[in-house]
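Report on one structure; see the data block that follows.
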Amino acid sequence: MAKHPVVCLPLQKRCLFALLIMLSISTVIAFLIKAAFDSCDRRLEVAQKPLRSFSNALSVNTPPNPLTFMKSKRVLLVSHELSLSGGPLLLMELAFLLRGVGSEVFWVTIQKPSETDEVIYNLEQKMLVRGVQVLSAKGQEAIGTALKADMVVLNTAVAGKWLDAVLKENIPHVLSKVLWWIHEMRGHYFKLDYVKHLPLVAGAMIDSHVTAQYWKNRTQERLRIKMPETYVVHLGNSKELMEVAEDGVAKRVLREHIRESLGVRDEDLLFAIINKAEGAINACSNCGSDITAQTKFETELRNFVMQKKIQDRVHFVNKTLTVAPYLAAVDVLVQNSQARGECFGRITIEAMAFQLPVLKHSFQGTAAGGTTEIVVDGTTGLLHPVGKDGVTPLAKNIVKLATHVERRLTMGREDMRGSKRCF
């Protein structure tokens, strides 16, 4: 029987609304949110709808925490994996914010290797120290927690598999309190096995308008299902990163330290090419890229650097959660994700907080993921096409910013101003 759980359950509606506001105000960068929460009957109308800026709230020295009513509430967070990639790290930030107001937070990781994994172990320990209770994805404890929870957050489309695999006949009792946080832009995620319960959840949250429209169209055309009440919420920066970005002394010290460790002179221009992993920096170089493991593309790039004997000009840095020192050290960010790009691209706004101009892809003349919802072409950065067509424009853009110092600095200043107003 089809129904709209948001209408019937005001508590869940209130929880969703508060979570969206919390994710906005928790950052010092203006976190923009779609102004469309006033009617339960309204469906997502992306692209044309205005955004509401929370800049005024951020200007208050001690703004009230919008999640105080979540004190003692029980929240279950379901992640498809636990790694240094974007989705799990964002969900961990949400867990810590909820713990900060006294929520009882539980964490479930669906896909875990059978052998001990150092990254998973360290991240779980980090959560346990902060009071997040880590549960097995299967078993009665996870089922009981889902049934008793005030809210269940499914993180990524793939997490939908957990509903059928674990909850089974209990699914109808849980759907009405599910917030589905979707980050994916790739077509292979549009499988009915993943998202068949999507129309019946309390709401969906997506990181950009472009991605939300993409999901709305694809679910209707390919799967013949409708999206639930959907909210577009642009990601924000962490409090820790913003404290560094706004501290001139700290930035200068970090800049000097990183550049010295890389053998980069103060007068050298340093570009960073970042692998696509939200919130974790994967490379910092005059021109380079890196991933924790040696992928085919990274191996080819390393071999190219060796063949051309430019090791003194290209520096590889392994993936790390400590983003701020590298952003303080570089002069320009190059973000060159391909295909449909990122759903949002958090590393871009992290770079903007450090007043770095951004060289970023565009997609079919419009945007790859949330690109144009972040970067104003020619003002806060320069866009280029995806694929082979973008290679030459990207190279020209790099030369432009390398040779036009004032333009580079002006773009950096616009980054900071642009981050404090509606895009």
Side-chain angles (χ1 to χ4, degrees), residues 3-23 40 67 69-82 87-99 101-112 124 127 131-184 193-207 215 227-231 233:
K3 62 179 181 178
H4 201 303
V6 178
V7 175
C8 301
L9 293 167
L11 176 59
Q12 276 70 53
K13 179 71 175 182
R14 186 181 174 205
C15 289
L16 297 182
F17 176 65
L19 272 176
L20 299 178
I21 296 179
M22 173 275 300
L23 288 168
C40 293
L67 276 188
F69 91 98
M70 287 295 289
K71 182 178 181 180
S72 301
K73 293 293 189 296
R74 179 173 294 193
V75 182
L76 174 63
L77 306 178
V78 181
S79 182
H80 69 295
E81 65 177 11
L82 185 53
L89 296 179
L90 288 170
L91 195 64
M92 283 182 62
E93 287 188 25
L94 174 58
F96 299 152
L97 288 168
L98 289 169
R99 284 293 302 142
V101 296
S103 298
E104 191 176 4
V105 181
F106 300 83
W107 179 284
V108 161
T109 303
I110 301 172
Q111 301 173 4
K112 294 177 68 174
E124 286 185 343
M127 287 192 285
V132 178
Q133 302 179 53
V134 180
L135 308 178
S136 170
K138 300 178 181 179
Q140 194 57 46
E141 188 175 17
I143 296 173
T145 301
L147 292 172
K148 295 177 182 178
D150 297 292
M151 175 177 288
V152 177
V153 180
L154 295 182
N155 196 41
T156 77
V158 181
K161 296 187 297 183
W162 181 79
L163 296 172
D164 289 305
V166 177
L167 295 186
K168 299 177 181 178
E169 67 274 7
N170 292 300
I171 291 176
H173 305 295
V174 177
L175 290 179
S176 62
K177 49 190 178 182
V178 168
L179 170 64
W180 208 321
W181 196 358
I182 296 174
H183 310 283
E184 295 94 337
D193 288 344
Y194 293 165
V195 298
K196 63 184 178 182
H197 299 295
L198 187 56
L200 298 178
V201 302
M205 183 166 68
I206 300 181
D207 303 331
W215 269 86
M227 290 290 290
E229 185 94 8
T230 304
Y231 307 99
V233 180

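Numbering of residues begins at 1 and proceeds along the displayed sequence. Just so it is clear, the values below take in all heavy atoms, side chains as well, and ignore hydrogens, waters and symmetry mates.
- The nearest pair of heavy atoms linking V132 to A95 is CG2-CB, 4.0 Å.
- When every heavy atom of V166 is checked against every heavy atom of K138, the shortest pair comes out as CG2-CG, 4.1 Å.
- Salt bridge annotation for E124-K112: present, with a cationic side-chain nitrogen under 4.0 angstrom from a carboxylate oxygen.
- Using a 4.5 Å heavy-atom threshold, the side chains of I143 and L167 count as touching.
- Across F69 and K73, no two heavy atoms sit closer than the pair O-NZ, 3.5 Å.
- Side-chain atoms of W181 and V233, non-hydrogen and from C-beta on, never get closer than 4.5 Å to each other.
- Here K148 contributes atom NZ and K177 contributes atom NZ; the two are 10.5 Å apart, rounded to the nearest 0.5 Å.
- In this structure, CD1 in I206 is found 7.0 Å from CH2 in W215, a value given to the nearest 0.5 Å.
- Here the closest non-hydrogen pair linking A157 and V195 is CB-CG1, 4.2 Å.
- When atom types are taken as modelled, the side chain of N155 and the backbone of G87 share a donor-acceptor pair closer than 3.5 angstrom.
- Here CG of L77 is found 11.5 Å from OG1 of T145. Values are rounded to the nearest 0.5 Å.
- Taking NZ of K71 as the start and CG of L98 as the end, the distance is 14.5 Å to the nearest 0.5 Å.
- Contact record, D164 with D193: OD2-O, 4.5 Å, taken as the closest heavy-atom pair.
- Atom CG of D207 and atom OH of Y231 lie 15.5 Å apart (nearest 0.5 Å).
- Other residues, nucleotides and ligands contribute only 12 or fewer heavy atoms inside 6.0 Å of the CD atom of E141.
- Annotation for M227 and A204: closest pair CE-CB, 4.1 Å, computed over non-hydrogen atoms.
- Between V158 and E184, some side-chain heavy-atom pair lies under the 4.5 Å cut-off.
- Between the side chain of S79 and the main chain of E81, a donor-acceptor pair closer than 3.5 Å is present.
- Counting only distance, with no hydrogens or angles, the side chain of W180 and the backbone of T156 share a donor-acceptor pair below 3.5 Å.
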Just do the side chain to side chain contact (heavy atoms under 4.5 Å, CB included) check on V174 and L147 with the steps written out, would you?
CA-CA 6 Å; V174 177; L147 292 172; 3.9 Å; yes
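- Under the 4.5 Å side-chain criterion, counting only non-hydrogen atoms from C-beta, M92 is in contact with L82.
- In this structure, NE2 on H197 lies 6.5 Å from CG on L175, to the nearest 0.5 angstrom.
- Without hydrogens or angle criteria, T230 side chain to P228 main chain gives a donor-acceptor distance under 3.5 Å.
- Among the candidates V152, V153, L154, D150, the single residue satisfying the side-chain contact (heavy atoms from CB on, under 4.5 Å) test with L76 is V152.
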